Amino acid sequence: MSSAIAIFDIDGVVRDVGNSYRRALADTVERFTGGAYRPSELDIDTLKSVGIWNNDWEASQELICRYFRSQGQSIKTNYQEIVAFFQSRYRGEDPDNWDGYICNEPLLLQPSYLNGLTNAGIPWGFFSGATRASANYVLSKRLGLQSPLLIAMEDAPGKPDPTGLFAAVEQLEQNLDKMLPVVYVGDTVGDMYTVEKARSRFPQRAWIGVGILPPHVQVSEERRSDYTKTLIESGATKVFSNVQELTPAEIEQLVLL
């Protein structure tokens, strides 16, 4: 019998985006501030800890505007130009044959992990703020998954709005005969806030937030500790160093809490 439904974020959970999405974000801010400001990893984490800057294009724009405000200047940014430059770094210059930072993202899980969930009777899928093309690149091309359940940027409002999470759950539970608890696995405050909002909108169901420490915060014990504390304060029931530590047995224990 299934114990829960598992839904996964992608960036920072399935793939390490520290040297891809985050690098593209820093490149973009540096470009549009004329080389005057390049945000650090801590700068980006501080912004994302607010819980509303899940979209890296919007996060880039916000950091650009904050820089100019800090200099006592006002600036009108062109969002489409920001997106285009960001994508030229992340995907590359060739729209048909990607050769950007996305090509070198380390994987944080293996297909065998997902097979283990399937064998344990745990339905699983993905809800991510990444574009569908970017998400499919890692899920289909890199991991070799065949038509996985995916709710991407184009399919739902951005997190922490839980609409996309609801949509993923609805599709996965079509063949189930009871309402199972939902475990949502993410690496940011916005992911945990998504679970909190799902719980407030649909309290009849058990919603469990599980935090994953992205690789870039595991460089020191202090960063690990601070980030773990932030995720727990934002609603995470438990935090792991890698998603594959969330075994079927761990899921069973979370459901019983």
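All of these numbers come straight from a predicted model, not from anything done at the bench. Numbering starts at 1 and runs along the sequence shown.
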Kindly indicate, with the supporting measurements, whether the criterion side-chain hydrogen bond (donor to acceptor under 3.5 Å, both in side chains) is fulfilled by Arg31 and Ser88. CA-CA 12 Å; Arg31 165 67 175 78; Ser88 75; over 6 Å; no
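- Scanning for salt bridge (Lys or Arg N to Asp or Glu O under 4.0 Å) contacts around Asp191 gives Lys159, with sequence neighbours left out.
- Taking both residues in full, the closest heavy atoms of Gly125 and Leu172 are given as N-CD1, 3.7 Å, listed atom of the first, atom of the second, then distance.
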Passes side-chain contact (heavy atoms from CB on, under 4.5 Å), Glu250 versus Phe240? Steps please. CA-CA 11 Å; Glu250 287 284 356; Phe240 296 96; 3.9 Å; yes
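- Residues forming a side-chain hydrogen bond (donor to acceptor under 3.5 Å, both in side chains) with Ser20 (at least two apart in sequence, or on another chain): Glu105.
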Show your reasoning for whether side-chain hydrogen bond (donor to acceptor under 3.5 Å, both in side chains) applies to Ser134 and Tyr21. CA-CA 11 Å; Ser134 171; Tyr21 263 126; 3.2 Å; yes
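- Glu154 places a side-chain N or O within 3.5 Å of a backbone atom of Arg132 that can act as its donor or acceptor partner.
- Legend: residues meeting salt bridge (Lys or Arg N to Asp or Glu O under 4.0 Å) with Asp45, ordered by chain and number and at least two apart, are Arg22, Arg223.
- Of all non-hydrogen atoms in Phe126 and Pro148, the two that sit nearest each other are CE1-CB, 4.0 Å.
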Set out, in order, the CA-CA distance, both residues' side-chain angles and the distance that settles side-chain contact (heavy atoms from CB on, under 4.5 Å) for Tyr67 and Phe32, then state yes or no. CA-CA 10 Å; Tyr67 167 76; Phe32 286 89; over 6 Å; no
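- Note on Ile82: it clusters hydrophobically with Val17, by side-chain heavy-atom contacts below 4.5 Å among ILVMFWY residues.
- Judged purely by atom type and a 3.5 angstrom limit, Gln218 uses its side chain to pair as donor or acceptor with the backbone of Ser241.
- Although no hydrogens or angles enter the test, the distance criterion places a donor-acceptor pair under 3.5 Å between the side chain of Tyr184 and the main chain of Phe127.
- Tracing side-chain contacts under 4.5 Å through hydrophobic residues (I, L, V, M, F, W, Y), one reaches Phe68 starting from Leu47; they form part of the same cluster.
- For Pro160 against Thr194, the heavy-atom pair with the smallest separation is CA-OG1, 3.2 Å.
- Atom CD of Gln204 has more than 12 heavy atoms from other residues, nucleotides or ligands within 6.0 Å.
- The hydrophobic cluster containing Ile232, built from Ile/Leu/Val/Met/Phe/Trp/Tyr side-chain heavy atoms closer than 4.5 Å, also comprises Met192, Leu213, Val217, Tyr227, Leu231, Val239.
- Note on Arg205 versus Glu173: salt bridge recorded, some NZ/NE/NH1/NH2 to OD/OE distance being below 4.0 Å.
- Nearest heavy-atom pair, Cys65 versus Thr77, reported as atom, atom and distance to 0.1 Å: SG-CG2, 3.9 Å.
- A donor-acceptor contact shorter than 3.5 Å links the side chain of Asn242 to the backbone of Leu108.
- Grouping Ile, Leu, Val, Met, Phe, Trp and Tyr residues whose side-chain heavy atoms lie under 4.5 Å apart, directly or via other members, leaves Leu256 alone, with no other cluster members.
- Note on Arg38 versus Asp27: salt bridge recorded, some NZ/NE/NH1/NH2 to OD/OE distance being below 4.0 Å.
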Could you give me the CA-CA distance, side-chain angles and deciding distance for Leu165 and Lys197, then say whether side-chain contact (heavy atoms from CB on, under 4.5 Å) is met? CA-CA 10 Å; Leu165 180 58; Lys197 286 183 177 292; over 6 Å; no
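- Under a cut-off of 6.0 angstrom, the local environment of CD in Glu222 is sparse, with at most 12 non-hydrogen atoms contributed by other residues, nucleotides or ligands.
- Applying the salt bridge (Lys or Arg N to Asp or Glu O under 4.0 Å) test to every pair with at least one member in residues 51-62, sequence neighbours left out, gives these pairs: Lys48-Asp56, Glu62-Arg66, Glu62-Arg69.
- Side-chain atoms of Asp155 come within 3.5 Å of backbone atoms of Ala152 as a donor-acceptor pair (strictly under, hydrogens ignored).
- Side-chain atoms of Gln244 do not come within 3.5 Å of backbone N or O of Tyr113 as any donor-acceptor pair.
- Within 6.0 Å of atom CD in Glu170, 12 or fewer heavy atoms from other residues, nucleotides or ligands are found, so the atom counts as exposed in its surroundings.
- A donor-acceptor pair under 3.5 Å links the side-chain atoms of Thr228 to the main chain of Arg224, judged by distance alone.
- Under the 3.5 Å distance criterion, with hydrogens and angles disregarded, no donor-acceptor pair is assigned to the side chains of Asn115 and Thr118.
- Residues Tyr193 and Val50 share a closest heavy-atom pair of CE1-O, 3.5 Å.
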Show, in sequence, the C-alpha distance, side-chain angles and deciding distance for Ile251 and Leu246, and conclude whether the side-chain contact (heavy atoms from CB on, under 4.5 Å) test is met. CA-CA 7 Å; Ile251 291 175; Leu246 181 64; 3.8 Å; yes
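- The two atoms that bring Val189 and Ser49 nearest to each other are CG1-O, 3.5 Å, heavy atoms only.
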